[in-house]
Amino acid sequence: MQIQSITEALSIISSEFELESAKIEAALQGMLAHSQSLTSNTEYYKDTLAVLDGMALAKANIDKASCHNIEIAKVTSSILFDAQEFVSKQTIPCTEWPSPKELVEHLVSQYG
């Protein structure tokens, strides 16, 4: 299964006819696809934070679509926390931070 968008993931997750394993995979791929859709070629800190903000909204939408299925919530929580931790560890206030592209590359290397 290759999910291309958060919309596609939400459709699978909310389906009554999909296996739980397919829904979990859709949640993971939906989070990654959404983070990639938010990526810009800029180096601004606020753009990196915008990716995190978008991922937080995607997590909420995926969890809601799954009726807060605990296994799906674990996946979305793990990915969001990993992204937040990556940005936190890579940031030296006022001088250095990861770009949106670096953040997404990290997520794809971990979950893709």
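- The cluster map of Ile, Leu, Val, Met, Phe, Trp and Tyr, joined by side-chain heavy atoms under 4.5 Å apart, puts Leu32 and Ile12 in different clusters.
- Side-chain contact check for Val87 versus Trp97: every heavy-atom pair is 4.5 Å or farther apart.
- Considering every non-hydrogen atom in both Ser37 and His34, the closest pair reads OG-O, 2.7 Å.
- The number of heavy atoms from other shown groups lying within 6.0 Å of OH (Tyr111) is above 12.
- Inter-residue side-chain proximity for Gln2 and Gln29 is flagged as met; some heavy-atom pair is nearer than 4.5 Å.
- To the nearest 0.5 Å, the span separating CD on Glu105 from CD on Gln36 amounts to 10.0 Å.
- Side chain of Gln90 to main chain of Phe86: no donor-acceptor pair is present (N/O by atom type, distance under 3.5 Å, no hydrogens or angles).
- Atom NZ of Lys74 is separated from atom CD1 of Ile24 by 9.0 Å, given to the nearest 0.5 angstrom.
- With contacts defined as side-chain heavy-atom distances shorter than 4.5 Å, the pair Ser35/Leu103 does not qualify.
- Side-chain atoms of Ser99 and Tyr44, non-hydrogen and from C-beta on, never get closer than 4.5 Å to each other.
- Ser66 places no side-chain N or O within donor-acceptor distance of the main-chain N or O of Ile72, the cut-off being under 3.5 Å.
- We find the NZ-CG distance between Lys46 and Asp53 to be 11.5 Å, quoted to the nearest 0.5 Å.
- Between Glu20 and Lys23 there is no salt bridge, since no side-chain N of the basic residue sits under 4.0 Å from a carboxylate O of the acidic one.
- Between the side chain of Ser15 and the main chain of Phe17, a donor-acceptor pair closer than 3.5 Å is present.
- For the residue pair His106 / Asp82, a side-chain donor-acceptor distance below 3.5 Å is found, with atom types taken as modelled.
- Between the CE atom of Met31 and the CE atom of Met55 there is a distance of 4.0 Å, given to the nearest 0.5 Å.
- A distance of 11.5 Å separates OG1 of Thr48 from CG of Leu38, quoted to the nearest 0.5 Å.
- Of the inter-residue distances, the one linking Leu52 atom CG with Ser88 atom OG reads 10.0 Å to the nearest 0.5 angstrom.
- The residue from Leu28, Ile13, Leu57, Val75 that alone fulfils the side chain to side chain contact (heavy atoms under 4.5 Å, CB included) condition with Ile62 is Ile13.
- Taking hydrophobic clusters as Ile, Leu, Val, Met, Phe, Trp and Tyr residues chained together by side-chain heavy-atom distances below 4.5 Å, Leu80 shares a cluster with Leu49.
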